[in-house]
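First comes the structure, then the notes that go with it.
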Amino acid sequence: MSEHVLPSPGGPRRESRPTNEPRPGGARGVLRLWFGFTDAVGRKPYLLTGVGLMALKYLLDVGLVYAVTGVVWRPFDYLNPIISMRLAEIRDAPSWLFAVLAVMTLPFMWIGASMSVRRAVDVGASAWVGIGFLVPFLNFLVMIGLAAFPSKGGATWSPRPTTVFRAPGEQPEVPLQVDIGLRAALLGVAAAVGVGLSMVFLSVYGLGTYGMTLFFMTPFVMGAVSAYLFNRPAPRPTGNTLLVAVASTLIAGTALLLFALEGIICLVMAVPIAMVIALLGALIGRAVATRTRTPIQHTAAMMLALPGIAGVEAQVGSLPVHEVRSAIEIEAPPEAVWPNVIGFSELPPPAEWVFSTGISYPMRARIEGEGVGAVRYCEFSTGPFVEPITAWEPPRRLAFDVSAQPPSMKEWSPFRHVHPPHLDSGLRSQRGEFRLIALPGGRTRLEGSTWYTLSLFPALYWKAWSDELLHRIHGRVLAHVKRLSEEGAGAVTGR
């Protein structure tokens, strides 16, 4: 920035405007174009970057998935905007793969969003049009449109000029009212918290969904709106802007806790992803405020678009069924193990720390009847699973459906009764199966599987949690069956 003193009535006027400094090229220039906010984005760089990075991300994801699972993601399947359907082919992959795929997505998401916002300004549209890059289905239309339209004369992406009038020797006035920066921060936090709470009520209690709009678009818009309103009166430091976004996210979460809409454990699990996305939104919101003249009406329109996106999302998509399989080897033949599979006595209290957080855990199992059509009841700490038997093949295989299940956990909360809907619908067990495989030496390999659906977004994140918890639940049951079977076999043989 350079300063120029211009004559004006009543004293000199200082006007700040950007200088046309040469921009470095090469790798440094490309990195600045991708990860910075200083450069405008023309049609050719946007098109080349979009095509190149899309191809690169496809090759990276496909190569990783193939190396781990042997599954080849075809381009058509990979481009499916419904993520749950895209992941259906690798639903049984190890949990860490989903975490790695999620982390690998972040830099590509950032480049696409930041360049789309700058490109939208370059074609003469509202900067917020570029946020459409983050919305499934809409993102392809946004990218095609931004790549097709030419740059508009007069459209600029540059630091917003500020003009300050000062008489010679004049000292800045000290306002008596609350500092404008604090007022802007409070306005930004209030607007962001309003967005967050409104979308929770609409998505969870109105539409019954915990989808992409709630877990991704809402924290992104919260961060963008808080940063935009904070920086709109005057540019603020990036660190302060990020603090405003963090405050907005934490206050919204605290409000959910104090209104008895959510519990502590689930909020703690959701905070990492919500916070990262809110911070990314804040960086873009600050850039829009400091480098464009985007009117506040456009920002309000972006906020009001969220309910429509949530409504469309609630009408599309399907939930893939995931399998979690665990196994244990038992020093007893299948005939001795079978009775302890169809029903088992009281388990000892859990020693694993995870169950002390309120996560539901198995306690005992009983069966009413025998053969297909019998009903097995697996008692958990929050209630029983009702499991009609669908396959009865002693001593080799027992399979069952799940016709009813208890809440997945008991939430920690200052209030006695807190029961958010996701405790019943977030993770739904569909069916289960035990397989007893005879091994040499009178031993048995006991395998337990659970098939379940997950309605929480993003599946890449929540599946890692759910798979680990199901493995721990399986391990608790299998270890108990092993202990009972080996004790029984030892009593029969006199060992």
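In this text, all values refer to a predicted model and were calculated from it rather than measured experimentally.
- For F457 and Y210, the ring centers sit 6.0 Å or farther from each other.
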>> I'd like to know whether T299 forms a side chain to side chain donor-acceptor pair (under 3.5 Å) with W128, so could you lay out the CA-CA distance, the side-chain angles of the two residues, the decisive distance to 0.1 Å, and finally the verdict.
In response: CA-CA 7 Å; T299 306; W128 298 125; 2.8 Å; yes
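- No side-chain heavy atom of T453 sits under 4.5 Å from any side-chain heavy atom of P320.
- When all heavy atoms of A278 and A245 are compared, the closest pair comes out as O-CB, 4.2 Å.
- A distance of 10.0 Å separates CD1 in I277 from OG1 in T218, rounded to the nearest 0.5 Å.
- Using the six-membered ring where Trp is involved, W392 and W338 have ring planes that are perpendicular, over 60° apart on the 30 and 60° scheme.
- Across all non-hydrogen atoms, the minimal contact from P384 to E379 is CB-OE1, 3.8 Å.
- If you run side chain to side chain donor-acceptor pair (under 3.5 Å) between S449 and each of H474, R435, E433, only R435 comes through.
- Side-chain contact between I367 and I389 is present, with at least one heavy-atom pair separated by less than 4.5 Å.
- The heavy-atom pair separating T450 from S429 by the smallest distance is CG2-OG, 4.0 Å.
- A distance below 6.0 Å separates the ring centres of F215 and W462.
- F400 approaches T390 most closely through the heavy-atom pair N-OG1, 3.5 Å.
- When every heavy atom of M115 is checked against every heavy atom of P45, the shortest pair comes out as CE-O, 4.1 Å.
- For Y205, the OH atom sits in a packed shell: over 12 heavy atoms of surrounding residues, nucleotides or ligands are nearer than 6.0 Å.
- In this structure the side chain of V204 never reaches within 4.5 angstrom of the side chain of P420, judged on heavy atoms.
- In this structure, I309 CD1 and L214 CG are separated by 12.5 Å, a value rounded to the nearest 0.5 Å.
- Note: F108 and W34 fail the aromatic proximity criterion, with ring centroids not under 6.0 Å apart.
- The main-chain N or O of P440 is found under 3.5 Å from a side-chain atom of R443 such that the two form a donor-acceptor pair.
- Nearest heavy-atom pair across A227 and G285 is CB-C, 4.1 Å.
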> So S455 and R428, side-chain contact (heavy atoms from CB on, under 4.5 Å) or not? Walk me through it.
Replying inline: CA-CA 8 Å; S455 62; R428 295 291 303 178; over 6 Å; no
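- Looking at E313, its side chain does come within 3.5 Å of a backbone N or O of M212 through a donor-acceptor pair.
- Ring orientation note: the planes of Y452 and H322 are tilted relative to one another, at an angle of 30° to 60°.
- A salt bridge between E352 and R472 is absent, with no side-chain N of the basic residue lying under 4.0 Å from a carboxylate O of the acidic one.
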>> Working note: V221 + M303, criterion side-chain contact (heavy atoms from CB on, under 4.5 Å); need CA distance, chi angles, decisive distance, verdict.
In response: CA-CA 7 Å; V221 170; M303 297 162 61; 4.2 Å; yes
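- Considering only heavy atoms from C-beta on, H471 stays 4.5 Å or farther from R325 through its side chain.
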>> Pair M54, M143 - check side-chain contact (heavy atoms from CB on, under 4.5 Å), show working.
In response: CA-CA 12 Å; M54 186 178 296; M143 288 187 287; 4.3 Å; yes
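- Residues F37 and I284 are in side-chain contact: their nearest non-hydrogen atoms beyond the backbone lie under 4.5 Å apart.
- No side-chain heavy atom of H480 sits under 4.5 Å from any side-chain heavy atom of R476.
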